Amino acid sequence: MAWRQAAFVRRGWLVACAGAALLLSACSTPMNAREDAAFQGQASISDRPVVRPTRSISSFSDSLMCMDHMLRDAQLPTTLITSKQIPDYSARVPVATKDMVITAISQMSRLSNAFRFVDYEVDIARQDTVQNLTTILLNNNQMQLQRPALYLSGAIAFVDQNVITNRFDAGLSGPRVDLGYSKSRGATVIGLEMHLGDFRTRTLIPGLDSANEVIVGNGGQGLDLAGRIGTYGVQFNVGRDYTQGAGAAVRTLVELATIELIGKWARVPYWQCLTLEQNHPDFQRQLRDWYDEGEPTVHRQLVKRSLVSRGYLPAGGEQMADNSPLLRVALARFQADQGMVVTGVVDFPTYERALRHFVGLAADGTLARVGWASTHAQPVAVAPPDSAGAADPAAALLPTTAPLAYGTTAPERVINLQIENIMMERTAFEVGEQIFLSATLSRASHMQCYLADATGTVIRLLPNAANPSGWVSANQAVRIPDWMSPNPGFIMDAASPGTEGVACFATDEDSTQKLPEALRGPPLKSIVGYSKLETINQAFAAAVGANGYTGNAIYWQVIPRRKQPAAAAPAGGAVGAAAAATPRK
C-alpha cells in the first residue's frame with residue numbers, strides 16, 4: 001500500500017513537471033496580437049466616462065447672477081480689472097485660483113458689462129502663444145493695452161489639515177473568528193484672503209479686503225472579518241470613505257470674496273445677494289434627497305410643469321410624452337439658458353435648476369418645499385410719449401399674457417432695453433448726437449429690432465449683415481450699435497426734433513417668413529407703409545399670435561442742437577438732415 005501511494009505521488013509529480021514545462025514552452029512562443037483584436041476593440045468604449053458632465057455650479061452661482069443685476073441697476077460704467085496670481089504657499093490646494101477669479105468676474109458682468117478682465121501675463125514661465133504674440137506686437141508698437149483701473153491680490157493664507165480628528169477602533173477575537181471595526185472623521189480648514197487695489201498707484205485700497213474660511217471634512221468606516229473553516233482561512237474587508245474636495249471649497253471662497261470686494265467698491269448692497277436660500281450649505285444635498293426619493297416619472301412631470309410655467313412648453317405640456325422631440329428641444333433650450341451642459345434629458349442638474357425656486361426656509365431655518373404656485377401676468381400696453389411730453393425709457397410693448405416663474409411677477413422671457421450713453425438715464429438728445437442702446441433677453445430667442453424717428457420713418461436695425469440670423473443667447477447683452485466693434489455696421493444718430501424710439505420683438509423661431517412682405521426687406525432701409533412702432537407690434541401679433549412673441553420699446557426725445565458761435569460757412573456748402581441710422585461703410 002505504501003509503495004502504491006509513493007508511486008502515485010511520483011506519477012503526480014511527473015505530471016506537474018510536464019505541465020510546467022508545457023507552460024514554459026507556451027510562454028516562450030510569441031503571442032498573436034490579432035487574436036486579441038476583439039478584446040482591444042473595447043478599449044475606446046471603456047475609455048469613455050459613463051457619467052454625463054455637469055456645469056460647475058457652486059453655492060454662490062445665484063449670488064453672482066444677483067450681483068450682475070444689481071450692478072446693471074446701478075448703471076456702473078465698464079471698468080477694466082486684472083488679477084495677480086493667487087498662490088498657495090502650503091502646496092496642499094493645487095487649484096487654478098486666478099482662473100476662478102476670472103470666471104466669477106465674468107459671471108458678474110454678463111448683463112451689466114461692469115468689468116472687463118485684462119489678460120496679460122508677465123511671468124515668462126506662464127506665457128503661452130497668445131502672450132508671446134502680444135509681446136511681439138507691443139514691442140513693435142502694433143498693439144496697445146489699456147491700463148486696468150483695479151486689480152485683485154491675495155493668497156490661500158493657510159490650510160490646517162485635520163484640525164480635529166475622531167477615531168474609534170474595536171475588535172473581537174476567538175478560536176475560529178476575528179472581527180474588527182473602525183471609524184474615523186476629521187476636518188480641515190482652508191483660509192483665503194483677497195484685497196482690491198488701485199492699479200495706477202499700486203496701492204491696496206483700505207477697507208476693501210476679504211478674509212474667509214471654509215471647512216472640508218473626511219471620514220471613513222471599515223469592517224474586517226477573518227476566520228477559519230477547517231484548514232482554510234477566509235478574510236473579508238469592507239470600507240467606505242468620503243473626502244470633500246478642496247477645489248470646490250476654494251471656488252466657494254473665491255466667489256464669496258469677489259462678491260464682497262466688488263460690492264464694497266461699487267457701494268451696492270451686496271449682502272442682499274448673500275441671503276438667498278441657494279447659499280444654504282445643505283441646499284443641493286436636500287434637493288438631491290428629494291430627487292432620490294421620487295421616481296423618474298415624477299421627476300419628469302415636475303420639470304414639465306416648470307417648463308410650462310416658464311414658457312418653454314405650451315399649455316398642456318404636462319401631458320406630453322416623455323420621449324417627445326418637442327420636450328427634448330424645450331429641455332435643451334432651458335439648459336442652454338441656464339448655462340448648463342445641454343443634454344435634452346431630465347437629470348439631477350436639470351431638476352435642481354428647474355425647482356430651485358420651489359425651495360424656501362421654514363420657520364425653524366431648515367429648507368422646505370413651498371408649493372407649486374403658478375400665476376400669469378396681465379397684458380400691459382404702454383403708449384409712446386407724444387412730442388410734447390417727457391419720454392419714458394421704460395415704456396414697453398407687452399402684447400402677451402406670459403406665464404411667470406414661481407414666486408415672481410415678471411414674465412419669464414423679458415427683453416431689457418436700456419440707453420447706454422455715458423451719461424445714464426438720459427431721455428433727451430440733441431440732433432446729430434449718437435445714441436447707444438443694449439438689449440438683453442432672459443431666454444434664448446430670435447430677436448428683431450426696429451427704429452422709428454420723429455419724421456415717421458421706420459427701419460429694421462436687427463437682423464442685419466453682421467448678425468443675419470437674429471439669434472440671441474440668454475442673458476447676453478446685444479449692443480445697438482456694437483460700439484465695441486471697429487466696424488459696427490451702422491451708427492445711430494438723433495435725426496429730427498420730436499420723439500424717437502426702438503422696439504425689439506423676440507420669438508422662439510425665426511418669424512421673418514410669416515411677417516408681411518414689407519417687413520422682410522433689407523435692413524437699414526425705410527419700410528414702406530409703416531410709420532410707428534405700434535404698427536410693427538400689430539404686424540407681429542397678426543403673424544405669430546398674441547402669445548407667440550414678446551416685445552419691448554424704449555423712447556427718447558430729440559431736441560434742436562444748441563446754437564454754436566457763428567462761423568463762416570464754406571462757399572456752396574449745404575447741410576442735409578442726418579439719417580436716424582446710417583450704415584457704416
Side-chain angles (χ1 to χ4, degrees), residues 75 77 381-397 415-440 447-462 464 477-485 488-505 519 521-539 551-567 569 573-585:
Q75 297 188 347
V382 180
D386 54 30
S387 57
D392 180 9
L397 300 172
I415 303 177
N416 188 354
L417 278 172
Q418 288 199 9
I419 296 176
E420 298 289 354
N421 285 60
I422 297 177
M423 295 181 63
M424 302 297 180
E425 299 182 358
R426 294 186 59 181
T427 59
F429 297 88
E430 293 184 3
V431 172
E433 188 175 0
Q434 290 192 15
I435 302 170
F436 302 98
L437 307 177
S438 68
T440 307
M447 185 175 69
Q448 297 189 28
C449 294
Y450 297 83
L451 167 69
D453 63 14
T455 64
T457 301
V458 176
I459 64 174
R460 189 179 80 238
L461 301 176
L462 296 174
N464 53 37
V478 177
R479 294 180 286 267
I480 307 174
D482 189 357
W483 60 85
M484 300 297 293
S485 173
F490 67 92
I491 57 175
M492 196 160 58
D493 298 333
S496 302
T499 301
E500 294 183 346
V502 167
C504 293
F505 305 91
L519 299 182
L524 307 177
K525 300 292 183 180
S526 177
I527 302 176
V528 180
Y530 292 85
S531 59
K532 295 182 179 180
L533 296 178
E534 285 66 35
T535 56
I536 304 292
N537 182 41
Q538 295 170 4
N552 195 4
I554 187 169
Y555 296 90
W556 59 88
Q557 292 291 330
V558 178
I559 59 178
R561 184 188 297 271
R562 284 191 289 264
K563 293 183 179 181
Q564 301 295 332
V575 180
T582 305
R584 174 76 71 175
K585 302 297 184 183

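Note that the structure is predicted; figures quoted are calculated from it, not measured. This chain uses plain numbering: 1 for the first residue, then up along the sequence.
Looking at Ile419 and Phe429, their side chains come closer than 4.5 Å, going by heavy atoms from C-beta outward. The shortest distance between side-chain heavy atoms of Leu437 and Trp556 falls below 4.5 Å. Side-chain atoms of Ser496 and Val558, non-hydrogen and from C-beta on, never get closer than 4.5 Å to each other. For the pair Thr499 and Gln557, the minimum side-chain heavy-atom distance is below 4.5 Å. A heavy-atom distance below 4.5 Å is found between the side chains of Leu524 and Leu461.
When all heavy atoms of Asn552 and Ile415 are compared, the pair lying nearest together is ND2-O, 2.6 Å. In this structure, Glu500 and Asp493 approach most closely via the heavy-atom pair OE1-O, 4.3 Å. The two residues Ile480 and Met492 have their closest heavy-atom pair at O-CE, 3.8 Å. Closest heavy-atom contact between Pro481 and Ile435: CD-O, 3.7 Å. Of all heavy-atom pairs between Ala454 and Gly498, the closest is CB-CA, 3.7 Å. Shortest non-hydrogen contact noted between Ala539 and Leu519 is CB-CD1, 3.7 Å.
The distance from atom OH of Tyr555 to atom CG of Leu417, rounded to the nearest 0.5 Å, is 10.5 Å. Separating the OG atom in Ser438 from the CG atom in Asp482 is a distance of 11.5 Å, to the nearest 0.5 Å. Note that the CG atom of Leu533 and the CD atom of Gln538 stand 11.5 Å from one another [nearest 0.5 Å]. Atom OH of Tyr530 and atom OG1 of Thr457 lie 15.0 Å apart (nearest 0.5 Å).
With sequence neighbours left out, the side chain to side chain contact (heavy atoms under 4.5 Å, CB included) criterion links Pro523 to Arg460, Asn464.
Judged by distance alone, with hydrogens and angles left aside, the side-chain atoms of Arg561 form no donor-acceptor pair with the main-chain N or O of Glu430 at under 3.5 Å.
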